[in-house]
Amino acid sequence: MSVLVDNAIDVPVTPRMTWRETLRRHPTMILGGTVLTLLILMAIFAPLLTSLDPNALRPPRRLRWPSAEYWFGTDMIGRDIYSRILYGARVSLIVGFGVAICSTLAGLFIGLVAGFNRTGDAVIMRIMDGLMAIPPILLAIALMALTRASIENVIVAITIAEVPRVVRLVRGVVLTLREQPFVEAARASGTRAWVILMRHILPNTMAPLIVQATYICASAIITEAILSFLGAGVPPTVPSWGNIISEGRTLFQVAAYIVVIPGLFLSVTVLAINLVGDGLRDALDPRLARRM
Amino acid sequence: MFAYLIRRLLATIPVMGVVAVVVFSLLYLTPGDPASLIAGDHASLQDIERIRVNLGLDKPFLIQFGTWLWNIVRGDLGISIYSNQPVLDMIVQRVEPTLALSICVLVVSLTLAIPMGVIAAWKVGTWIDRLIMGFAVLGFSFPVFVIAYGMVLVFSLNLEWLPVQGYVSIKEGFWAFLPHMVMPSLALGWIFAALVARMTRAAMLEVLSQDYIRTAQSKGLGTSKILIGHALKNASVPIVTTIGIGIALLISGVVVTETVFAIPGIGRLTVDAILRRDYPVIQGAVLVFSFLYVLVNLAIDIAYIFLDPRIRY
């Protein structure tokens with residue numbers, strides 16, 4: 001697996017536009033990138049940005065509305081929502097990036113096998129069709145119902161739900177490339193199959209794959225929040241944005257801020273990643289950009 | 001065409017087979033003893049044993065799978081661990097709210113999304129296009145429960161126009177049913193509309209660059225006739241495909257929306273089952289939803305024959 005990736009990074013993907021030009025044409029990508037960087041810094045330096053323990057209970061100070069003392073208020077058992085939001089950013093980003101990396105690697109590997117091996121293709125694609133017929137959140141729910149709640153299990157569950165889409169993408173690219181004259185020429189001149197795979201096929205899957213990875217990252221963050229919201233996500237002891245919303249749900253009519261603030265953070269994060277993804281798509285894959 | 005119909009119908013069998021194998025083998029692939037996991041941390045040994053027998057976990061794998069599959073084919077989805085009722089009965093009792101919500105979402109989102117996509121493609125590059133696409137990006141980025149709670153905050157708690165939550169069956173009158181459906185269908189409809197509007201725009205752009213559109217323009221046909229009669233009609237296949245694939249998104253959204261608005265449908269049943277660790281119900285719901293998804297896409301594939309006479313099989 002790691003061999004595949006090392007080689008992939010060595011091969012440059014030539015964008016049709018220079019980076020500066022792309023950035024000038026897509027100010028939204030700069031906006032998304034800046035917001036995302038700020039959120040990542042916020043997650044990394046969470047302990048420095050707050051002096052309050054996100055899990056410390058202060059029952060006498062429960063349900064305080066946002067104020068100078070508690071920026072985002074306190075929840076029903078007096079925990080400081082501001083520090084819970086900071087630490088919650090860690091969960092969302094770890095799950096988002098974790099799923100994006102795991103599902104692209106697994107999907108790339110399975111997709112390459114399917115695209116290059118006809119017998120394997122039939123079996124793999126039947127399995128992928130079946131997996132795709134199960135709505136992703138339900139598949140993740142079914143997996144989570146059978147394992148102990150933990151961040152690792154959430155990543156695995158969402159990865160399994162996302163992999164079929166990556167496999168389809170990679171296989172599609174491989175199938176079109178396989179019939180291209182330059183691949184045929186390579187094959188005719190006696191190049192070994194795995195060299196063709198590494199040198200000609202793999203670099204061409206990178207652009208759509210990177211774009212797909214950003215969208216998977218965004219959708220994984222939403223899925224994690226939904227799983228936690230429904231009670232099938234990360235354990236309730238871990239402050240995550242989905243958990244904060246889930247706990248604040250019953251008190252929505254008296255303390256809406258408990259739901260609204262993490263909801264805004266969630267939406268802004270996903271929006272930032274989507275804007276970066278749209279920018280990358282336009283820069284790396286102009287053909288797709290025109291269509292979308 | 002008849003041969004195609006038969007082939008297409010037969011093609012759904014392996015897909016449903018894989019769904020069944022996946023849903024069934026989840027119990028085995030997960031680490032640890034599923035019976036004690038489902039029973040929870042405070043279960044007695046008898047409870048664990050009861051669940052083991054209920055799920056048939058005490059028998060060999062292939063026999064279990066065979067029995068389970070045969071039962072499903074006969075319409076027996078097992079017995080709920082929590083309520084001891086047949087799972088299929090529990091699901092059937094809750095079909096109506098889920099179906100009502102899904103239809104409302106589809107109606108709301110399609111009436112919004114298709115005109116939006118058409119206009120965005122027609123006015124491509126202008127501020128109207130950017131506005132519509134911005135609306136779509138927001139729809140992709142906001143989780144459905146965030147939109148839903150935002151709407152509740154504005155329309156129920158501040159303006160007091162609509163009920164906070166709950167469900168009234170359409171049997172009790174359309175005007176009693178409607179207020180409870182407005183926010184759920186708008187919240188989920190926005191997300192679904194984002195998907196469809198984006199695809200409509202993309203498909204329309206593809207068609208609008210064709211020669212026959214230029215011909216239609218040069219012979220002096222009106223804009224609305226070109227857009228709807230020529231372009232949209234030819235762009236309909238990818239749009240309908242997206243709607244079919246989007247049904248998975250819709251189903252996921254229904255589960256969340258029913259929870260936010262306390263609508264007693266299959267989604268709510270699934271969420272209650274998670275909290276009670278009622279695995280047969282989760283399994284049944286996943287199977288039923290996946291089956292629906294496959295059926296909808298089958299129907300769409302068949303509809304292509306009528307939508308696009310160029311398609312010949």
Side-chain angles (χ1 to χ4, degrees), chain A residues 28 126-148 153 160-161 215 218-219 221-223 225-227 229-232 241-242 245-246 248-249 252-253 256 259-260 262-264 266-275 277-278 288 290-292, chain B residues 14-23 26-27 29-32 34 37-38 137-138 140-147 149-150 152-153 157 164 198 201-203 205-206 245 247-253 255-256 259-260 270-271 273-275 277 279 282-283 285-286 289-291 293-294 297:
Chain A
T28 49
R126 287 295 80 71
I127 297 175
M128 293 301 146
D129 283 347
L131 275 177
M132 287 229 276
I134 308 175
I137 288 176
L138 285 174
L139 183 56
I141 285 176
L143 284 164
M144 289 309 295
L146 286 170
T147 47
R148 303 226 175 262
N153 285 339
I160 293 175
Y215 293 136
S219 101
I221 290 177
I222 293 186
T223 310
I226 289 176
L227 287 178
F229 175 74
L230 298 178
W241 294 342
I245 295 173
S246 172
R249 191 172 82 174
F252 186 66
Q253 300 194 37
V259 170
V260 171
L264 283 177
L266 200 55
S267 308
V268 168
T269 308
V270 177
L271 182 62
I273 297 172
N274 276 332
L275 291 179
D278 285 353
L288 196 66
R290 222 179 313 121
R291 280 208 297 118
M292 297 308 257
Chain B
V15 173
M16 282 316 295
V18 172
V19 170
V21 172
V22 169
V23 171
L26 286 178
L27 268 173
L29 295 177
T30 44
L37 258 172
I38 289 169
V137 173
L138 288 182
F140 277 120
S141 305
F142 288 177
V144 58
F145 55 84
V146 173
I147 301 178
Y149 279 122
V152 172
L153 191 64
L157 300 181
V164 175
R198 223 171 159 161
R201 176 177 175 273
L205 282 180
E206 193 86 44
I245 295 169
I247 297 293
L249 187 85
L250 183 73
I251 291 170
S252 301
V255 175
V256 180
T259 310
V260 174
T270 316
V271 176
I274 300 171
L275 303 175
R277 292 188 162 271
Y279 199 72
I282 298 179
Q283 240 176 358
V286 173
F289 276 130
S290 309
F291 187 56
Y293 176 77
V294 173
N297 280 287

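Just the heavy atoms: all of them, side chains too, but no hydrogens, waters or symmetry mates, feed the values below.
If you measure heavy-atom distances from B:Val146 to chain A, the contacts under 4.5 Å come from the side chain alone. Contact annotation for B:Phe140: both backbone and side-chain heavy atoms come within less than 4.5 Å of a heavy atom of chain A. Residue B:Phe145 touches chain A through its side chain alone, counting heavy-atom pairs closer than 4.5 Å. Contacts of A:Met132 with chain B are made by backbone atoms alone, with heavy-atom separations under 4.5 Å and no side-chain atom involved. Using a 4.5 Å cut-off between heavy atoms, B:Leu275 touches chain A through its side chain atoms alone. Looking at B:Tyr149, the atoms closer than 4.5 Å to chain A (heavy atoms on both sides) sit in the backbone and in the side chain alike. For a residue to count as touching a neighbouring chain, one of its non-hydrogen atoms must lie under 4.5 Å from one of that chain's; by this rule A:Ile221 does not touch chain B. Residue B:Val21: no heavy atom, backbone or side chain, is found under 4.5 Å from chain A. In this structure, chain A has heavy atoms under 4.5 Å from both the backbone and the side chain of B:Pro143. For a residue to count as touching a neighbouring chain, one of its non-hydrogen atoms must lie under 4.5 Å from one of that chain's; by this rule A:Ile273 does not touch chain B. Both the backbone and the side chain of A:Ala225 come within less than 4.5 Å of a heavy atom in chain B.
Residues forming a side-chain hydrogen bond (donor to acceptor under 3.5 Å, both in side chains) with A:Asn274 (at least two apart in sequence, or on another chain): B:Ser141. In this structure, the side-chain hydrogen bond (donor to acceptor under 3.5 Å, both in side chains) partners of A:Tyr215, at least two apart in sequence or on a different chain, are A:Asp278, A:Arg281.
No other option in A:Gly231, A:Pro136, A:Ala142 has as many heavy-atom pairs under 4.5 Å with chain B as A:Ala142. Taking chain B as the reference chain and counting heavy-atom pairs below 4.5 Å, the highest number among A:Ile134, A:Leu266, A:Ile245 is found for A:Ile134. Heavy-atom pairs under 4.5 Å with chain B were tallied for A:Ala145, A:Ser267, A:Ala272, A:Ala256; the largest tally goes to A:Ser267.
Across A:Ala133 and B:Val15, no two heavy atoms sit closer than the pair CB-CG1, 4.0 Å. The nearest pair of heavy atoms linking B:Pro14 to A:Arg126 is CB-CD, 4.1 Å.
Contact of the A:Leu139 side chain with the B:Val286 side chain is not registered, since no non-hydrogen atoms from C-beta on lie closer than 4.5 Å. In this structure the side chain of A:Asp129 never reaches within 4.5 angstrom of the side chain of B:Val18, judged on heavy atoms. The shortest distance between side-chain heavy atoms of A:Ile137 and B:Val255 does not fall below 4.5 Å. For the pair B:Tyr279 and B:Ile274, the minimum side-chain heavy-atom distance is 4.5 Å or more.
For the atom pair CG (A:Leu143) and CD1 (B:Ile282), the distance works out to 10.5 Å, reported to the nearest 0.5 Å.
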